[in-house]
Amino acid sequence: MADRVREPIQVYLTVEERAELDRCAGDLGVSRSEALRRGILALRRPLGTGPLRGLAEEGSLTPPQRASGAPPRGRPVAPLARILEGLARDREER
């Protein structure tokens with residue numbers, strides 16, 4: 001992989017997005033660039049794969065919101081603790 005040609009890209013992030021990127025990279029023990037690369041690869045995976053598949057199948061996960069605020073009425077939202085447990089299992093499997 002070290003011999004791959006890489007191209008620079010510029011991304012504008014909010015303060016909150018930058019802080020979240022730093023948290024994710026720190027949790028994974030990787031650079032910001034590597035965290036972004038992994039995020040891109042995660043977007044390519046089909047919906048409903050991995051440890052969160054059950055949540056997707058039961059309809060507990062909702063589409064991302066474009067604005068902050070309350071989730072849409074009638075759409076279930078997974079409890080944060082359950083999502084974090086799934087993420088922790090995913091990290092252990094890597």
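- Between Asp22 and Arg18 there is a side-chain heavy-atom pair separated by less than 4.5 Å.
- If you run side-chain contact (heavy atoms from CB on, under 4.5 Å) between Leu28 and each of Arg38, Glu34, Arg23, only Arg38 comes through.
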Under the side chain to side chain contact (heavy atoms under 4.5 Å, CB included) rule, what do Arg37 and Val30 come out as? Steps first, then yes or no, please.
CA-CA 11 Å; Arg37 284 185 201 99; Val30 299; over 6 Å; no
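- A single hydrophobic cluster is seen to contain both Val11 and Leu21, as judged by linkage of ILVMFWY side chains at heavy-atom distances under 4.5 Å, directly or through other members.
- Atom CG in Leu87 sits 10.0 Å away from atom CG in Asp27 (nearest 0.5 Å).
- For the atom pair CZ (Arg89) and CD (Glu92), the distance works out to 8.5 Å, reported to the nearest 0.5 Å.
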